[in-house]
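None of the values given here were measured: they were computed from a predicted structure.
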Amino acid sequence: GETSNGGITRAKQHQLGQRGNVKGCSKTPDDVKKQLQDAEDKKKKAKLAMSGEVNEKADEIAELQA
């Protein structure tokens, strides 16, 4: 493995295989990626709820998932 000084955000992006700031990890098992993505989604929903945008965004998310 490689060592980087990117911080927790980059580590999460790497584990999830997200492109952009880091190269996606090809070794992360799918079940771990699912758990990480679920945690990120939960965090985003909580952040939206704090800002009062949860109702608008929840409708958009429901439409996209249907």
Side-chain angles (χ1 to χ4, degrees):
E2 295 181 27
T3 304
S4 88
N5 296 324
I8 192 66
T9 299
R10 287 185 186 210
K12 289 177 183 179
Q13 290 173 344
H14 173 71
Q15 291 292 314
L16 285 169
Q18 294 176 338
R19 302 279 186 229
N21 293 327
V22 294
K23 181 179 178 185
C25 181
S26 59
K27 296 180 181 180
T28 305
D30 288 338
D31 62 320
V32 174
K33 285 183 183 180
K34 172 93 171 91
Q35 290 176 354
L36 290 169
Q37 188 63 56
D38 289 347
E40 285 295 308
D41 292 345
K42 184 177 178 181
K43 183 178 173 182
K44 286 180 184 179
K45 285 180 185 179
K47 190 173 182 179
L48 288 173
M50 295 288 288
S51 68
E53 298 178 25
V54 71
N55 291 334
E56 296 171 14
K57 296 293 182 184
D59 292 339
E60 290 176 26
I61 292 170
E63 288 176 14
L64 293 173
Q65 291 178 345

**Student:** To the nearest 0.5 Å, how far apart are CD1 in Ile8 and NE2 in His14?
**Tutor:** 12.0 Å
**Student:** Where do Leu16 and Gln37 come nearest, in terms of heavy atoms and distance?
**Tutor:** CD2-N, 3.6 Å
**Student:** Compare every heavy atom of Gln15 with every heavy atom of Cys25, then report the nearest pair and how far apart it is.
**Tutor:** CB-CA, 4.4 Å
**Student:** Does Lys42 reach the side chain of Asp38, with side-chain heavy atoms less than 4.5 Å apart?
**Tutor:** no
**Student:** Atom CG in Leu48, atom CE in Met50: separation rounded to 0.5 Å?
**Tutor:** 11.5 Å
